[in-house]
Amino acid sequence: MMMIAADNRPDGRIDPKGVDAGKAMEGFFAIMALWGASREEARRILGEPAERTFQRWRAGEVAAISRDTLSRVGYVAGIFKGLQIVYGDAAQADEWVRRPNRALGGQTPLERMAAGEIVDLAAVRQYVDALRAPWS
């Protein structure tokens with residue numbers, strides 16, 4: 001699975017110029033498939049790009065992606081990686097995103113991520129990072 005690493009910038013942010021956008025999107029759609037995300041959920045997680053753009057990305061036709069899209073893909077990759085660390089069983093880790101969670105107001109993590117705002121992805125990532133803390 002392709003991971004997105006922060007550039008060696010002092011602020012630790014990702015430089016979109018140093019990322020292979022095609023690989024980033026390939027990894028994103030692979031994770032969405034493992035999580036059983038619907039097409040609409042995946043599109044909302046990406047920030048609701050234009051339908052035509054989304055279709056091209058799904059087909060592997062990716063020229064470039066915005067910093068916002070890259071951040072969203074990075075959150076998804078971080079959530080995926082964190083869950084793989086917390087759960088020794090990959091299937092159990094992938095199922096976690098479809099189980100209602102009291103800490104997320106009874107929503108499933110996938111529902112929360114697909115709410116459309118980047119802060120929703122950040123909330124799920126923060127929760128997974130807290131779960132992972134004992135293993136870090």
Side-chain angles (χ1 to χ4, degrees):
M1 186 67 52
M2 198 283 300
M3 296 305 301
I4 299 173
D7 193 26
N8 290 330
R9 293 170 47 157
D11 59 9
R13 292 186 310 169
I14 298 169
D15 180 0
K17 295 177 191 138
V19 174
D20 182 330
K23 291 288 185 190
M25 295 309 286
E26 181 181 325
F28 172 82
F29 285 113
I31 292 169
M32 291 296 103
L34 289 169
W35 288 352
S38 71
R39 182 188 167 291
E40 274 309 306
E41 287 169 328
R43 189 165 173 252
R44 284 194 310 268
I45 289 169
L46 286 172
E48 298 193 73
E51 181 63 34
R52 191 171 188 178
T53 300
F54 182 77
Q55 291 294 11
R56 283 197 314 263
W57 288 348
R58 281 185 65 197
E61 300 169 21
V62 183
I65 55 177
S66 70
R67 182 178 301 276
D68 178 72
T69 301
L70 182 59
S71 292
R72 290 167 179 275
V73 171
Y75 275 119
V76 168
I79 292 164
F80 177 83
K81 180 181 177 184
L83 291 172
Q84 298 302 312
I85 292 168
V86 171
Y87 296 99
D89 180 303
Q92 188 178 16
D94 294 336
E95 289 169 6
W96 180 86
V97 300
R98 292 187 304 276
R99 284 184 285 183
N101 188 307
R102 279 183 286 164
L104 301 173
Q107 292 181 300
T108 69
L110 187 58
E111 288 171 333
R112 178 67 185 267
M113 287 184 275
E117 299 296 328
I118 201 160
V119 295
D120 297 309
L121 290 163
V124 175
R125 171 71 189 266
Q126 186 175 27
Y127 183 82
V128 170
D129 286 349
L131 288 176
R132 193 180 99 176
W135 289 275
S136 296

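These figures come from a predicted structure and were not determined experimentally. Basis for what follows: all heavy atoms, side chains included, without hydrogens, waters or symmetry-related copies.
- Of all the heavy atoms in Ala123 and Arg112, the pair that sits closest is CB-NH2, 3.5 Å.
- With ring centers used as reference points, Phe28 lies 6.0 Å or more from Phe80.
- Heavy-atom contacts from other residues, nucleotides or ligands closer than 6.0 Å to CD of Gln92 number more than 12.
- Taken to the nearest 0.5 Å, the CH2 atom of Trp96 stands 5.5 Å off from the CG atom of Asn101.
- Ala64 approaches Trp57 most closely through the heavy-atom pair O-NE1, 4.3 Å.
- No donor-acceptor pair under 3.5 Å is formed between the side chain of Arg44 and the backbone N or O of Glu111.
- A donor-acceptor pair under 3.5 Å links the side-chain atoms of Arg43 to the main chain of Pro49, judged by distance alone.
- When all heavy atoms of Pro109 and Arg99 are compared, the closest pair comes out as CD-O, 3.2 Å.
- Annotation for Pro100 and Gly106: closest pair CB-O, 3.5 Å, computed over non-hydrogen atoms.
- Of all heavy-atom pairs spanning Ala21 and Ala63, the tightest one is CB-O, 4.4 Å.
- Atoms CZ and CD, on Arg58 and Glu26 in that order, are 14.5 Å from each other to the nearest 0.5 Å.
- A distance-only check finds a donor-acceptor pair linking the side chain of Arg98 to the backbone of Trp35 [under 3.5 Å].
- In this structure, CG in Leu131 is found 7.5 Å from CG in Leu83, a value given to the nearest 0.5 Å.
- Across Asp68, Ile65, Val73, Thr53, a single residue satisfies side-chain contact (heavy atoms from CB on, under 4.5 Å) together with Leu46, and that is Val73.
- The 12-atom threshold is not exceeded at CD of Gln126, counting heavy atoms of other residues, nucleotides or ligands nearer than 6.0 Å.
- The closest side-chain heavy-atom distance from Val124 to Leu110 is not below 4.5 Å.
- Note that CE of Met113 and CD1 of Ile79 are 5.0 Å apart. Values are rounded to the nearest 0.5 Å.
- Between Thr69 and Met25, the shortest heavy-atom contact is CG2-SD, 4.3 Å.
- Atom-to-atom distance recorded for Arg102:CZ and Leu104:CG is 11.5 Å, nearest 0.5 angstrom.
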